[in-house]
There are 2 protein chains.
Amino acid sequence: MNHTEKQGTTLPLLRARRLGLHTQHEAVVVMRTDCHVCRAEGLAARSQVLLSAGGHTVQATLFQIEGDVLKPHEIALSEAAWALLGVKEGDAVRVSHPPTLESIASVRRRIYGNRLDEAAFTSIVQDVVLGRYTDVHLSAFLTATSALPLDDQEVVNLTTAMVAAGDRLIWHTPIVVDKHSIGGLPGNRTTPIVVAIVAALGLVIPKTSSRAITSPAGTADMMETLTTVSLDLPTLRRVVEAEGGCLAWGGAVRLSPADDIFIRVERVLDVDTEGQLIASVLSKKVAAGSTHVVIDIPVGPTAKIRNEDAGRKLGARLAQVAARFGLTAVCMSSDGTQPVGRGVGPALEALDVLAVLQNAPGAPDDLRRRACGLAGAALEIGGAAAQGKGYDVANAALADGRAWRKFERICAAQGGLRKPPKAAQTRPMIAPHAGRIVHINNRKIARLAKLAGAPDAKAAGLWMEVRLGEEVSAGQPLAIVHAETLGELAYAFDYSEQNPDIIEIEP
Amino acid sequence: MNHTEKQGTTLPLLRARRLGLHTQHEAVVVMRTDCHVCRAEGLAARSQVLLSAGGHTVQATLFQIEGDVLKPHEIALSEAAWALLGVKEGDAVRVSHPPTLESIASVRRRIYGNRLDEAAFTSIVQDVVLGRYTDVHLSAFLTATSALPLDDQEVVNLTTAMVAAGDRLIWHTPIVVDKHSIGGLPGNRTTPIVVAIVAALGLVIPKTSSRAITSPAGTADMMETLTTVSLDLPTLRRVVEAEGGCLAWGGAVRLSPADDIFIRVERVLDVDTEGQLIASVLSKKVAAGSTHVVIDIPVGPTAKIRNEDAGRKLGARLAQVAARFGLTAVCMSSDGTQPVGRGVGPALEALDVLAVLQNAPGAPDDLRRRACGLAGAALEIGGAAAQGKGYDVANAALADGRAWRKFERICAAQGGLRKPPKAAQTRPMIAPHAGRIVHINNRKIARLAKLAGAPDAKAAGLWMEVRLGEEVSAGQPLAIVHAETLGELAYAFDYSEQNPDIIEIEP
């Protein structure tokens, strides 16, 4: 057994053991209750420990186990910890107390109502990216900066810290276009269409997207049903240099890696406040090297932004913070009263996107018009269309198949275009009586799709059969619920039975 | 294999397996990645699951494992989950999705700055006590109610909810006295002395205490080094009926059980705001059936309460909220400029308490005077001493051994008086130069004792060798650090070397 000198005591190293333990993202290790290292270091269950091996270090949560699942000198690593530490079976692992988490003092100051400067945000975000924040710490930071909202300077400070904690792309072209939607509107999957149109017309649009926060699908979740989205930096650069655009998952290229960690916790809390939203959006854009960005702000009573006034306020704040980073942001508010297209959920939304790109007969016109509006704005600020002509230029590229061919080539460059998966289970939601559709609750539609398994189950979600203002007869399907398992299907229908106002019908 | 009907699907039951997995308080279960229940219910790693067996239900976090540590139909339960579910090896366990966590919508409303009513607090606290809040949810609730502090009505609502979620004691006597210290002052262990004096003089004082929040020892941690503090309700009642007082851990009798869960998270964050503090203190007092309570508020630049004004404000707010529950609260501010007595940490503080009760020659006079002041106030409001005479009556009961005999009898009734443990490792902190002690930082003293292992390691902590105003020579010990392991000792000394202002010496 190897030995290592530490703090005056001689501690034997432990041997890495892989149990195939899946804990999602969480780095967990298991050591024996009677392990000499636990005794020597005073480690108890749920202690945070620092693992070192072959030049890598990882912070993990310790669980302890009795009996003979492990030998006394073994340490079992969860799959997440195993990957982060990069060890092989039997490798020597050193275990010690992690260094004191100094940045938590800044979180505490923030909880007590004090504003934080750039240095404080930088140390917090660095510790977050190093995996040193537990769920308790992450949730406290996000809640504190929601309950007393981030002010403009703090949003700039947090954005700067988030950009600094990750990689940054540099493009050798004066104009790099980007697009973002504030979300909150199920099925609003314009990004792939916008990227295809804008790249087809010769602009550079290296689009990275996040996964869903509180919605049943993010663009990355949807695109993953059609092609590979986990691109490393060299691949992403190669795709963009060849095709002018890409549709990649931002997390895989470490652009603002803290954002993905914050998003995971925000998703559990279903909280995504303005300041965090702006820092999240802009840190990705700045890190991606964008110079011009078009931002879609859907407005509706059950969208994320409830009224035009709030939409304008958010747009102004986004543009103002963006300017601090030399980024030109154009914000456009859009109709957020009902889901866009027919699909809600990764694979079902992909079907809508393909239909629009391929000019299929049943293609959802609302999705097509929204995409042309945003692409048009991008073409105008990027200099590829005259002022006021963007929409028509975009629409023409869609109609004559240039956008579809560009989309095919982007997917081919990313690893090949594939068919989205189909769900094993489907069941219609039925109109209880005849009448006119007067209200569709976006939040409850999203909730229903999530209960059916989206976004983790890619094929799960809803296929809308009706739109606002349409007349239905009793027994007619309002939407089809798609799920991978009967359990999830039942879970979704329990919810829909308890919430008759998901789709309201006026007799 | 047994089968059970659920939501239209027939799911086989799993068999409980005990691996001796220690996860502290956290209910964790491990199932095989290829387990049919995981597939049927769409369960992934870190899903929350509901376990049912023999009429009990427990919510737990799911981890998944590959290979043959578990058989396909087995489910391994952490020790915490095992105890909560009350199963035996091989018992049938049903696994399903937990019901939707409705109360999190109230937490979200609170994050967005809305005040909560009693019904909202009640549903939150009930879900917390049922173990349905993960660390993310708990931390969000506590942070939200810190960043936008609880107002008076919310403190009443939260207190009411916390009382309702646990057991409640009823005493058949018109006056039931209680005592509390706001904390923040290391070594301020007056409670056992106050209880002994007050009970010796014939009043009823059924004292329940919590464990440390952010300090190196709570009264329950300290008393546990001398006797059994985990008393069930019948035992607690028997001790109080026989002796007039007890010194029990509040968590074991389920008085305000939510408080212990909140405290665990507050400890990680090192956050304990005024509203939460008042609800925590008063929910325990109301649930314990107290009618009169004396509250000690130490004030000092590094105590929890920084100045007299803040102390008065807190005292007034405590008394006002207490009155809403028919409870008379008397708040007394006290000197909080330096640690009380000599010991800091469970066992070391117990030595100070024993010395005062036994009138030992080196007994710390500051601890004695503080205890007599508080006991005197309790005797006065309880009618066992004339106004202005309480201190002298208390002091006499201590001097003539009545308090010590009462303390011995209380400990005997709780399960026997024992000697506190001694630490395996000790090392002195040395004065770097001669001079006068001009400042002692309570927060850093507490931090040092915690790094040495307190309160989890009962014998760990500090033994103070100097007090404010004393002259020391170079090389003289300022304090002795006690620890169970060399690793923790080194950890404490790393901190003391980086913080030369823990004990300041003016040359």
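Since the model is a prediction, treat every value here as computed from it, not as a measurement. Within every chain, numbering begins at 1; the chains are lettered A, B, ... in the order of the sequence lines, protein sequences first and strands thereafter.
- At least one side-chain heavy atom of V69(A) sits less than 4.5 Å from a side-chain heavy atom of L19(B).
- Among A140(B), G453(B), S146(B), A147(B), the residue making the largest number of heavy-atom pairs under 4.5 Å with chain A is A140(B).
- Residue contact with chain A, scored on non-hydrogen atoms closer than 4.5 Å, involves the backbone and the side chain of T100(B) alike.
- There is no contact between A457(A) and chain B, counting heavy-atom distances below 4.5 Å.
- Put simply, of T273(A), L148(A), T33(A), the one with the most heavy-atom pairs under 4.5 Å next to chain B is T273(A).
- Residue contact with chain B, scored on non-hydrogen atoms closer than 4.5 Å, is absent for R32(A).
- For residues 101-116 of chain A, a heavy-atom distance under 4.5 Å to chain B picks out R108(A), I111(A), Y112(A), given by residue number.
- Scanning for side-chain contact (heavy atoms from CB on, under 4.5 Å) contacts around A424(A) gives E484(A), with sequence neighbours left out.
- For CG of D68(A), the number of neighbouring non-hydrogen atoms (other residues, nucleotides, ligands) closer than 6.0 Å is 12 at most.
- Proximity of R46(A) to R264(B): side-chain heavy atoms (C-beta onward) are separated by under 4.5 Å at one or more points.
- Between E26(A) and T61(B) the shortest side-chain heavy-atom distance does not fall below 4.5 Å.
- With S139(B) contributing its side chain and S139(A) its backbone, the two residues share no donor-acceptor pair below 3.5 Å.
- Between L269(B) and V136(A) there is a side-chain heavy-atom pair separated by less than 4.5 Å.
- The distance from the CG atom of L43(B) to the CG atom of D456(A) is 11.5 Å, given to the nearest 0.5 Å.
- For the pair H22(B)/F63(A), no side-chain contact is recorded, criterion being any heavy-atom separation below 4.5 Å from C-beta on.
- Options H137(A), Q64(A), E79(A), H25(A) differ in how many heavy-atom pairs under 4.5 Å they form with chain B, and the most are formed by Q64(A).
- Counting only heavy atoms from C-beta outward, the side chains of L451(B) and H97(A) never approach each other to under 4.5 Å.
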